[in-house]
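A quick write-up on the structure given underneath.
Ligands are counted one by one from 1 in listed order, and the atoms in each one are counted from 1 as well.
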Amino acid sequence: MDLGIKGKRALVCASSKGLGRGCAEALAEAGVNLVMNARGAEALEAASAEIRAKYGVEVTTVAADITSDAGRQQVLEAAGQVDILVTNAGGPPPGMWSDWDREDFIKALDGNMLTPIALMKALLPGMMDRGWGRVVNITSQSVKAPIGVLGLSNSARAGLTGYVAGTSRQVAPKGVTINNMLPGIHATDRAIALDGGVATQKGISVEEAAAERAATIPVRRYGTAEEFGAMCAFLCSQHAGFVVGQNILLDGGAVNSTL
Ligand code: NAP
């Protein structure tokens, strides 16, 4: 399927690895020029070089912490005018509901709620002026079904979801759509790190911890960054102009709900 977005320009945050990288690859495959970001320059340069070589698109890189004011400013300056924004950042650490203080919440809100909001606030006006734009926020299945040890993530991402629900309806008349993608367990460094924590806690191997988690998913495996990226590219395509303010769950059926 021709996604109809060849030649567009996308800012894909936190995209040297994992789900962000999957989104960057799928957009590049559709002919979209990229601005890629991550904190670590080495992995970012390696990822951008591979994407340039494979898809022949322009790739600009900005090594910066997207959750800091200075980092965001650097990224936005380098990005300039973009048609597509994919927001992403690392997730907050796991723990117990009784562990977290105000500062922990402020950090989680900054990373997973206020950063995507600041990026949207900066880039939506240009998209609206030009009459076309796509925003996809990477959130989590924890928005639909809370994950006990990820209370910081449950809280911050729920806040972003509320903001998107209201804002997406206000920008839609100008040809701009905002939607969220909710990953369940995907085979990325983040998932492996979480498996490591479970393995230590239970005194089992990381492979055993991963097999236990996979067994809880109806498709009996982790998702892939490629599958995730393909959905992102579709939501950013010309074909998805009627999809507004939705929360798309990619979880292999793990969240057991009717709607
Ligand atoms: P990942 O494999 O650890 O990759 C994270 C990517 O983001 C890396 O490129 C990393 O590069 C970059 N990054 C992290 N923090 C950043 C920051 N502050 N500024 C700029 N770049 C940053 O993670 P993932 O599994 O793709 O997860 C992506 C998001 O989805 C996270 O918020 C995670 O909580 C959420 N999620 C993931 C899963 C899953 O199963 N994988 C499930 C639910 C939700 P640097 O470290 O070099 O910055």
(message) I'd like to know if Asp104 and Lys107 make a salt bridge, using a cut-off of under 4.0 Å between side-chain N and carboxylate O.
(response) no

(request) Answer with yes or no whether the side chains of Thr87 and Asn137 bring together a donor and an acceptor at under 3.5 Å. (result) yes

(request) Could you list which atoms of ligand 1 come closer than 4.0 Å to a heavy atom of Gly91? (result) 31 (C), 32 (O), 34 (O)

(request) Kindly determine whether Ser153 and Ile147 satisfy side chain to side chain contact (heavy atoms under 4.5 Å, CB included), including the steps that lead there. (result) CA-CA 8 Å; Ser153 172; Ile147 300 169; over 6 Å; no

(message) Just verifying a value: how many Å separate Met128 CE and Leu123 CG, rounded to the nearest 0.5 Å?
(response) 12.5 Å

(request) May I ask you to list the residues sharing a hydrophobic cluster with Val255, side-chain cutoff 4.5 Å, ordered by chain and number? (result) Val143, Leu182, Leu249

(request) To the nearest 0.5 angstrom, please state how far the CG atom of Leu11 sits from the CD atom of Gln81. (result) 13.0 Å

(request) With heavy atoms of Asn37 as the reference, note each atom of ligand 1 found under 4.0 Å away. (result) 20 (C), 21 (N)

(message) Tell me the protein heavy atom at minimum distance from atom 44 (C) of ligand 1, and give that distance in Å.
(response) Pro183 CG, 3.5 Å

(message) Heavy atoms only: which of Leu19, Asn88, Asp65 lies closest to atom 29 (C) of ligand 1?
(response) Asn88

(request) Return the residue, atom name and 0.1 Å-rounded distance of the protein heavy atom closest to atom 19 (N) of ligand 1. (result) Ile66 N, 3.0 Å

(message) Heavy atom to atom 46 (O) of ligand 1, shortest distance: which of Gln141, Arg157, Arg39 holds it?
(response) Arg39

(request) Carefully, step by step, assess Ile51 and Met36 under the rule side chain to side chain contact (heavy atoms under 4.5 Å, CB included). (result) CA-CA 10 Å; Ile51 289 177; Met36 291 176 69; 3.8 Å; yes

(message) Suppose we measure from atom 24 (P) of ligand 1 to each protein heavy atom; which comes out shortest, and what is that distance?
(response) Thr188 OG1, 3.6 Å

(message) Can you name the atoms of ligand 1, numbered from 1 with element, that are less than 4.0 Å from a heavy atom of Ile138?
(response) 30 (O)

(message) Yes or no: does Gly184 have any heavy atom under 4.0 Å from an atom of ligand 1?
(response) yes

(message) Give the atom numbers and elements of ligand 1 that come within less than 4.0 Å of a heavy atom of Ser16.
(response) 8 (C), 9 (O), 11 (O)

(request) Give the atoms of ligand 1, by number and element, whose distance to some non-hydrogen atom of Gly90 is under 4.0 Å. (result) 14 (C), 15 (N), 16 (C), 32 (O)

(request) Might you check, step by step, whether the distance between atom 5 (C) of ligand 1 and some protein heavy atom is under 4.0 Å? (result) no

(message) Strictly below 4.0 Å, N to O, side chains only: are Lys202 and Glu212 in salt-bridge contact?
(response) yes

(request) Could you tell me whether Ala191 and ligand 1 have an N or O pair separated by under 3.5 Å? (result) no

(message) Between ligand 1 and Ser140, is the shortest N or O to N or O distance under 3.5 Å?
(response) no

(message) Please determine whether any non-hydrogen atom of Leu182 lies less than 4.0 Å from an atom of ligand 1.
(response) no

(request) Answer with yes or no whether Ala64 contacts ligand 1, where contact means a heavy atom under 4.0 Å from a ligand atom. (result) yes

(request) Give yes if a backbone or side-chain nitrogen or oxygen of Ala89 is under 3.5 Å from a nitrogen or oxygen of ligand 1, and no if not. (result) yes

(request) Compare Gly20, Ala14, Ala193 and give the one whose heavy atom is closest to atom 12 (C) of ligand 1. (result) Ala14

(message) I'd like to know if the side chain of Asp65 reaches the main chain of Gly71, judged simply by a donor and an acceptor atom lying under 3.5 Å from each other, with no hydrogens or angles considered.
(response) no

(request) Taking only heavy atoms of Thr139 into account, list the atoms of ligand 1 that are under 4.0 Å away from them. (result) 35 (C), 44 (C)

(request) Would you sort out whether Phe105 and Leu152 count as a side chain to side chain contact (heavy atoms under 4.5 Å, CB included), showing the intermediate values? (result) CA-CA 6 Å; Phe105 278 101; Leu152 293 171; 3.7 Å; yes

(message) Check the orientation of His239 and Phe234. Use parallel for under 30°, tilted for 30 to 60°, and perpendicular for over 60°.
(response) parallel

(message) Closer than 3.5 angstrom, by distance alone: can the side chain of Asp110 be matched with the main-chain N or O of Thr67 as a donor-acceptor pair?
(response) no

(request) Check each of Arg190, His186, Met181 against atom 1 (P) of ligand 1 and report the one with the nearest heavy atom. (result) Arg190

(message) Tell me whether Gly40 has any N or O atom under 3.5 angstrom from an N or O of ligand 1.
(response) yes

(message) Starting from Val206 and following side-chain heavy-atom contacts under 4.5 Å between hydrophobic residues (I, L, V, M, F, W, Y), which residues can be reached?
(response) none

(message) Please list, in number order, the atoms of ligand 1 under 4.0 Å from a heavy atom of Ile185.
(response) 40 (O)

